[in-house]
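Right, one structure below, let's go through it.
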Amino acid sequence: MEKSAPEIDSPSSIPVSTEHVVSSPPFDSSNVSKPHPESKKKSRKKSDVWQHFVKNNDDPKALRVVCKLCDKSYAGGDRAYGTSTLRNHLLNQCPHENSLRMEDKKHKTLVFQKKLCGAKSGSVEGTNLKAVGFSQSDCRLACVKMIILDELSFRFVEQEGFKLFCSVACPRFDIPSRTTVSRDIKNLYRDEKKKLKNYFLKHSQRVSLTTDTWTSIQNVCYMVLTAHFIDHEWKMQKRILNFCQIPNHKGETIGKAIEMCLKEWGIEKVFAITVDNASSNNVAISHIKKRLQIWKTAICNGEFVHMRCSTHILNLVVGDGLKELNASIVAVRNAVRYIRASPARLGSFQNCVKSTCKEDKAIICLDVSTRWNSTFLMLDRAIKYLDAFKLLEEEDEHYVKYFSDKDQNGRSLIGPPVSKDWDNCAIFCKFLKIFYEATLKFSASLFVTANSYFHEICTVRGRILKLCASDQSILKDMASKMKTKFDKYWGCVEKQNVLLYVAVILDPRYKMKFVILCLKKLYSLKEVDTITASVNCCLLKLFSYYADEFKLRNPEVGVTQSGSSIPEKCSTLNNFMVEDDDDDSFNMFESEFEKECEKDGAFDTSNELDRYLEERNDGERKNKDFDILEWWKISSSKYPILAMMARDVLAIQVSTVASESAFSTGGRVLDSFRSSLNPSMVQALICCQNWLRTSTLALDMGSLLEDIDAYEYADSEFTWKITRKEIQ
């Protein structure tokens with residue numbers, strides 16, 4: 001049988017010759033695979049352009065090919081013509097979408113891509129040279145992400161400016177319609193949700209939740225549910241799980257909605273839920289606690305699930321103290337209102353600022369009388385321009401006349417502010433600054449806040465106690481009202497969640513001795529004994545629970561669970577009183593704590609909890625850049641059980657601002673121009689924006705708190721109108 005001649009350029013087609021086979025055992029020619037008599041030479045790989053072109057069969061003699069998509073014909077069908085013309089047609093001329101235009105693998109462009117030095121900072125470290133090809137699918141995905149991240153309308157892709165930009169920057173990009181963008185957003189939402197859901201299922205992650213409700217411009221009730229957790233790399237994570245529609249704001253409705261969301265995500269391990277102080281939330285938490293008990297995932301039978309929002313409590317405390325504002329604050333407010341009334345007055349005031357050589361570019365702002373934080377910002381900025389206000393009173397005759405004019409009731413406005421008014425406002429401002437800074441610290445969601453709760457509460461309570469003994473009747477009355485409201489929520493241990501004390505104990509810089517030291521400065525000895533007993537009981541319960549869980553995960557490792565006790569080596573101290581207004585009261589606690597730590601000696605025990613409590617960490621206390629999560633990441637091998645406990649406790653949020661910030665996004669997404677968006681699309685936009693964030697951007701708490709208050713005010717007004725209609 002005649003064999004086919006081998007091709008030079010096709011080595012694989014050369015037949016095997018038995019003359020060149022060398023083998024130590026006897027050669028068996030039957031094992032040699034001989035070529036098939038009808039085998040042909042291997043053909044060249046067919047070009048991918050032929051997926052979209054076909055030969056013209058109307059005239060076999062004419063070498064023409066026709067595009068399957070647009071019916072345009074070209075000379076071709078023979079090796080002499082090639083495929084360059086056909087490829088160019090598909091990439092640049094064919095009006096229809098095709099696989100070559102979707103991704104061009106041959107044509108690459110060298111570009112410099114920026115490298116970020118970290119997710120937190122988002123700063124540029126350098127550039128990286130990379131070959132990038134065009135991909136229609138990647139461009140569409142990037143366009144959809146731009147719409148979501150920048151909160152753009154779907155019509156943006158159909159506007160003339162965007163089309164002009166694409167025609168210059170990327171002419172090959174086939175711009176999708178707004179309908180296609182809407183469909184792509186839902187597909188992206190499903191894909192990202194699947195990834196996040198798989199993460200929770202894979203890691204069996206225990207989460208802490210924050211939730212709140214909101215009424216949109218469409219008069220639709222929404223509930224947001226946010227999960228907070230510390231991942232396996234010991235990084236704080238925040239993910240919005242749902243931004244869903246609910247029929248009303250009743251507690252049972254909220255509880256069932258949370259339960260449905262948890263089932264949808266496959267999350268059964270919930271450590272704590274932070275809510276505001278609305279009575280309906282008590283019903284919702286009770287419902288979730290029962291479900292966790294049924295699922296048998298509740299820690300300590302759900303005793304510590306309910307966490308009250310600390311920022312809301314602070315607002316209530318300050319609100320009670322400032323119900324009857326001092327005349328000095330009213331005088332400053334009227335002065336600011338005069339300046340902000342017209343551009344001419346503001347310009348005149350700015351000239352006075354320049355005359356006083358003030359370089360601060362901050363503009364004075366008028367407060368909202370029902371919001372104490374805006375009052376603080378108004379006073380804080382106005383005091384900086386005290387000399388400018390005095391100069392304005394001398395040079396602007398209309399300024400003094402403004403206060404002498406009568407209102408509709410025949411009364412003159414209070415003002416202009418005199419030296420005594422400015423002194424009183426300075427005292428008010430210094431006092432409110434403590435609450436304002438505490439609110440900002442409680443409102444953070446990108447780093448651990450559970451361990452800072454105790455510090456801020458000690459500072460606030462200490463300052464309130466000092467002002468209660470003040471000689472100034474105005475401050476004394478204000479502080480007395482604040483103390484009454486403070487004691488209502490934080491006065492006794494039964495009204496507090498002791499997990500926040502445990503969070504301080506799990507901070508290696510302070511631990512249990514520091515908690516006892518601070519309590520003795522702020523409470524009576526009887527109250528200190530009650531609080532410390534509750535904290536100790538909670539700590540032992542948690543340690544026992546996580547020790548059992550550690551045994552299940554690591555059965556080969558032995559665990560010692562001897563009883564632990566609270567150290568009793570803290571000296572009895574007098575009642576707390578701040579002597580210096582400018583000194584931070586919490587610094588006094590730390591200095592006293594340093595002295596106590598110097599007295600302690602070495603302590604040796606085999607119990608992991610006792611070893612941790614007695615270990616001295618002087619270096620951590622002196623480190624200003626101390627990262628508690630990084631410390632636990634390093635120490636997790638030394639304290640494996642406590643590390644498991646710290647991962648869940650430190651993820652607790654002390655405020656609901658993390659969830660309320662979603663309403664700020666929701667207010668921009670559902671503006672008056674996009675009020676027709678359905679709830680499912682709203683959820684996809686808000687959740688995807690949270691999931692796609694590649695850098696942990698710091699929140700602008702000033703504007704965020706303003707947005708939250710505005711939405712809460714609109715919500716209360718809407719509820720009041722509905723209630724009034726029902727009564728009528």
| query | Closest heavy-atom contact between Arg239 and Asn690? | reply | CA-OD1, 3.2 Å
| Using a distance-only test with no angle check, is there a side-chain donor-acceptor pair under 3.5 angstrom linking Gln683 and Tyr189? | yes
| field | Verdict with reasoning, Phe431 to Met478, per side chain to side chain contact (heavy atoms under 4.5 Å, CB included) | value | CA-CA 11 Å; Phe431 180 57; Met478 181 179 65; 3.4 Å; yes
| said: Let me confirm one number: the CD-CD1 distance from Gln205 to Ile230, rounded to the nearest 0.5 Å. | reply: 8.5 Å
| field | Verdict with supporting geometry, Lys238 and Thr226, side chain to side chain donor-acceptor pair (under 3.5 Å) | value | CA-CA 7 Å; Lys238 178 188 74 171; Thr226 309; over 6 Å; no
| message | Between Ser310 (side chain only) and Val654 (backbone N and O only), is there a donor and an acceptor less than 3.5 Å apart? | response | yes
| request: Sorted by first residue and then second, give each salt bridge (Lys or Arg N to Asp or Glu O under 4.0 Å) pair with at least one member in residues 180-190; sequence neighbours left out. | output: Arg140-Asp184
If you look only at distance, which donor and acceptor atoms sit under 3.5 Å apart when one is on a side chain in residues 483-490 and the other is two or more places apart or in another chain?
residue: Lys483; atom: NZ; partner: Asp487; partner atom: OD2; Å: 2.9
residue: Thr484; atom: OG1; partner: Ser480; partner atom: O; Å: 3.0
residue: Asp487; atom: OD1; partner: Arg461; partner atom: NH1; Å: 3.1
residue: Trp490; atom: NE1; partner: Tyr453; partner atom: OH; Å: 3.1

| Distance, nearest 0.5 Å, that separates CD1 of Ile464 from CD1 of Ile434 | 8.5 Å
| task | Report yes or no: does Ser182 contribute a side-chain atom to a donor-acceptor pair with the main-chain N or O of Arg178 at less than 3.5 Å? | result | no
| said: List the residues meeting side chain to side chain donor-acceptor pair (under 3.5 Å) with Lys256, not counting sequence neighbours, and say none if there are none. | reply: Glu252
| message | Donor-acceptor check, side chain of Ser286 to backbone of Asn282, threshold 3.5 angstrom: yes or no? | response | yes
| field | Residue pair Leu225 / Cys261: nearest heavy atoms and the distance that separates them | value | CD2-CB, 3.8 Å
| said: Are Phe435 and Leu440 packed together at the side-chain level, in the sense that at least one heavy-atom pair is separated by less than 4.5 angstrom? | reply: no
| So, does Thr439 use its side chain to make a donor-acceptor pair with the main chain of Thr311 at under 3.5 Å? | no
| message | For residues 532-545, which residue pairs pass the salt bridge (Lys or Arg N to Asp or Glu O under 4.0 Å) check, not counting sequence neighbours? | response | Glu303-Lys541
| task | Output all residues satisfying ring-ring contact (aromatic ring centres under 6.0 Å, His included) with Phe229, sequence neighbours left out; order by chain, then residue number. | result | Tyr199, Phe200
| note | Between Cys688 and Leu188 the two heavy atoms that sit nearest each other are SG-C, 4.3 Å
| Thr656-Asp276 side chain donor-acceptor pair, cut-off 3.5 Å | no
| request: Find out whether Tyr546 and Ile299 are in side-chain contact, i.e. whether some heavy atom of one side chain is under 4.5 Å from a heavy atom of the other. | output: yes
| note | By ring-ring contact (aromatic ring centres under 6.0 Å, His included), Phe376 pairs with (sequence neighbours left out) Tyr436
| Residue pair Met681 / Phe154, side-chain heavy-atom distance below 4.5 Å | yes
| said: What's the separation between atom CD in Gln653 and atom CE in Met236, rounded to the nearest 0.5 Å? | reply: 4.5 Å
| Can you name the residues that form a salt bridge (Lys or Arg N to Asp or Glu O under 4.0 Å) with Lys263, not counting sequence neighbours? | Glu259
| Has the side chain of Asp507 got a donor or acceptor atom that lies under 3.5 Å from a matching backbone atom of Arg509? | yes
| query | Under the salt bridge (Lys or Arg N to Asp or Glu O under 4.0 Å) test, which residues partner Asp231, sequence neighbours left out? | reply | none
| query | Any donor and acceptor pair, going by atom type alone, linking the side chain of Glu608 with main-chain N or O of Leu642 inside 3.5 Å? | reply | yes
| request: I would like to know whether Asp212 and Val275 meet side chain to side chain contact (heavy atoms under 4.5 Å, CB included); could you show each step before the answer? | output: CA-CA 7 Å; Asp212 206 351; Val275 293; over 6 Å; no
| Is there a donor-acceptor pair closer than 3.5 Å between any side-chain N or O of Thr297 and the backbone N or O of Gln293? | no
| query | Counting distance only, does the side-chain N/O of Asn281 pair as donor-acceptor with the main-chain N or O of Ala284 below 3.5 Å? | reply | no
| said: Just to verify, what does Lys633 make a salt bridge (Lys or Arg N to Asp or Glu O under 4.0 Å) with, not counting sequence neighbours? | reply: Glu233
| Do the non-hydrogen side-chain atoms of Cys687 and Asn242 ever get within less than 4.5 Å of each other? | no
| query | Tell me, do Phe543 and Ile641 make a side-chain contact under 4.5 Å, heavy atoms counted? | reply | yes
| task | Assess the side chains of His249 and Ser280: does a donor N or O sit below 3.5 Å from an acceptor N or O? | result | no
| said: Whether the side chain of Asn497 engages the backbone of His306 through a donor-acceptor N/O pair (distance < 3.5 Å, no angle test) should be reported. | reply: yes
| field | Shortest non-hydrogen separation from Cys309 to Asn277 and the atoms involved | value | O-ND2, 4.0 Å
| task | Evaluate the criterion ring pair (Phe, Tyr, Trp, His ring centres under 6.0 Å) for residue pair Tyr612 and Trp632; output intermediate values, then yes/no. | result | CA-CA 12 Å; Tyr612 168 76; Trp632 276 109; 5.5 Å; yes
| field | For Thr210 against Ser655, the heavy-atom pair lying closest together | value | CG2-O, 3.7 Å
| said: Within the structure provided, determine whether Thr449 and Phe442 are in side-chain contact (heavy-atom separation under 4.5 Å). | reply: no
| If you take all heavy atoms of Leu209 and Val207, which pair is closest and at what distance? | CD2-CG2, 3.8 Å
| query | Got a sec, which residues hit salt bridge (Lys or Arg N to Asp or Glu O under 4.0 Å) with Lys441, two or more places apart in sequence or on another chain? | reply | Glu456
| Does the side chain of Leu506 reach to within under 4.5 Å of the side chain of Asn451, using non-hydrogen atoms? | no
| field | side chain to side chain contact (heavy atoms under 4.5 Å, CB included) between Leu500 and Met307, worked out | value | CA-CA 9 Å; Leu500 296 176; Met307 187 72 61; 3.7 Å; yes
| Taking only residues at least two apart or on different chains, which pairs with a member in residues 195-211 satisfy salt bridge (Lys or Arg N to Asp or Glu O under 4.0 Å)? | Glu192-Lys195, Arg206-Glu549, Arg206-Asp648
| task | Tell me, with the steps shown, if Arg693 and Gln689 meet side chain to side chain contact (heavy atoms under 4.5 Å, CB included). | result | CA-CA 6 Å; Arg693 293 290 187 191; Gln689 186 190 72; 3.5 Å; yes
| Heavy-atom count around Met146 CE within 6.0 Å, excluding the residue itself: above 12? | yes
| query | Could you state the interatomic distance from CG (Asp529) to OG (Ser534), rounded to the nearest 0.5 Å? | reply | 11.0 Å
| note | Contacts satisfying ring pair (Phe, Tyr, Trp, His ring centres under 6.0 Å) that involve residues 252-304 (not counting sequence neighbours) are Trp265-Trp691
| Do the side chains of Asn248 and Cys221 get nearer than 4.5 Å, heavy atoms only? | no
| Polar side-chain atom of Ser452 near backbone of Val448 as donor-acceptor pair, under 3.5 Å | no
